[in-house]
Amino acid sequence: MTRELSKDYLDQLVADVHALAADDPNVWGAPASYIPELAHIDPAQFAISVALEDGMILSAGDCDVPFSIQSISKVFTLSIALGRVGDTLWRRVGREPSGNPFDSVMKLEQEKGKPRNPFINAGAIVTTDALLSGHAPKEALSEIIHFVRAAAEDDDIHINKTVAASEKATGYRNLALAHYLRSYGNLDNEPDFTLGVYYHQCAIEMTTVQLARAGRFLASLNDVPKLIAPAKVRSLNALMMTCGQYDGSGEFAFRVGLPSKSGVGGGLLVIVPHRGSIAIWSPGLDSHGNSLMGTYAAERLSRDLGWGVF
Ligand code: GLN
């Protein structure tokens, strides 16, 4: 039997997550350890916010704690890049799931420097490079943060520079990817410049309330800022469904049945077309780098409310 969404429903979901963890603390998973600033975040945190068609936002748990959105930023940069360079982006980036980890270099050699999709790191680095061309890194970053603030209709959204510096200090794989792309002529700017913007976009911090609000344009809700053309909303949702969770995308589609983007900060942005936008955060990750309890909650919510698109 399908249930109705309510504040009580979300409070119960949060209580159930904590009850599961009380039985077995391993259910939280472990925070990303390759970015030192994220490694020491307490995994025992959970938040959920749902922004609805009528403008209402329902939240439960740690929904006022800002977290590092990391790869969820790729949804925003792709939105801006598609607006800027249009379909020419697809000459540089593919639209197929990779089946490999998000930071893998393997297919990049086989496919001659064209990343499989814009959500794996290589594809996101090319997308950011497209945004950067013709601009100083500061201008590109300012465009990204303004887009996110406009989407959320909230100016109190900022970049955590310590997290960006921490990722830069240990970002050897992204450095390798950027140099590899450049060697194939698929990076217009110097790797350090493009990566500088990329690390800062990943270090944007938002609460689940802000992220749920920022996702409304992808759910085509009424009365929200029209940031991109409807045809692009369709493309973005398709890519989120097929590639949004890296090599965990098929499993996520199977379990949840909704377009979504994850980040190694433990955030999840889930889109329910024409109904709402859901942000979930729990910093412990599974082996693909996706939030463990976040995925659990997304699956339960989509089943309980009958919100999957299939
Ligand atoms: N900034 C992270 C990285 O490049 C983003 C990865 C992610 O969230 N999956 O590794």
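Whatever order the structure lists them in is the order used to number ligands and atoms, beginning at 1. Counting from 1, the numbers follow the sequence of the chain as shown. The basis for the numbers below is simple: all heavy atoms, side chains too, and nothing from hydrogens, waters or symmetry mates.
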* Side chains of Asn117 and Arg95: is there a donor and an acceptor less than 3.5 Å apart? ->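 Asn117 vs Arg95: no donor-acceptor pair found between side chains.
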Got a list of side-chain donor-acceptor pairs under 3.5 Å for residues 297-310, not counting sequence neighbours?
residue : atom : partner : partner atom : Å
Glu299  : OE1  : Arg255  : NE           : 2.7
Glu299  : OE1  : Arg255  : NH2          : 2.9
Glu299  : OE2  : Arg303  : NE           : 3.3
Glu299  : OE2  : Arg303  : NH2          : 3.1
Arg300  : NH1  : Asp16   : OD2          : 2.8
Arg300  : NH1  : Tyr296  : OH           : 3.2
Arg300  : NH2  : Asp16   : OD2          : 3.0
Ser302  : OG   : Val256  : O            : 2.7
Asp304  : OD2  : Tyr9    : OH           : 2.7

Between [X] and [Y] (salt bridge meaning N to carboxylate O under 4.0 Å), is one present in this structure?
X	Y	answer
Arg275	Glu53	no
Lys168	Asp192	no
Asp223	Arg216	no

* Identify whether NZ of Lys or CZ of Arg in Lys261 sits under 6.0 Å from the centre of the six-membered ring of Phe119 and within 45° of that ring's axis. =>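 Geometry flag: set, cation within 6.0 Å and 45°.
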Once you restrict both partners to nitrogen or oxygen, which atoms of ligand 1 have a protein partner under 3.5 Å, and how far apart are they?
residue  : atom   : partner : partner atom : Å
ligand 1 : 1 (N)  : Gln70   : OE1          : 2.6
ligand 1 : 1 (N)  : Glu167  : OE1          : 2.9
ligand 1 : 1 (N)  : Glu167  : OE2          : 2.7
ligand 1 : 4 (O)  : Asn121  : ND2          : 3.0
ligand 1 : 4 (O)  : Glu167  : OE2          : 3.0
ligand 1 : 4 (O)  : Asn174  : ND2          : 2.9
ligand 1 : 4 (O)  : Tyr198  : OH           : 2.7
ligand 1 : 8 (O)  : Ser71   : N            : 3.1
ligand 1 : 8 (O)  : Ser71   : OG           : 2.6
ligand 1 : 8 (O)  : Val264  : N            : 2.8
ligand 1 : 9 (N)  : Ser71   : OG           : 3.0
ligand 1 : 9 (N)  : Tyr246  : OH           : 2.9
ligand 1 : 10 (O) : Tyr34   : OH           : 2.5
ligand 1 : 10 (O) : Asn121  : ND2          : 3.2
ligand 1 : 10 (O) : Glu167  : OE2          : 3.4

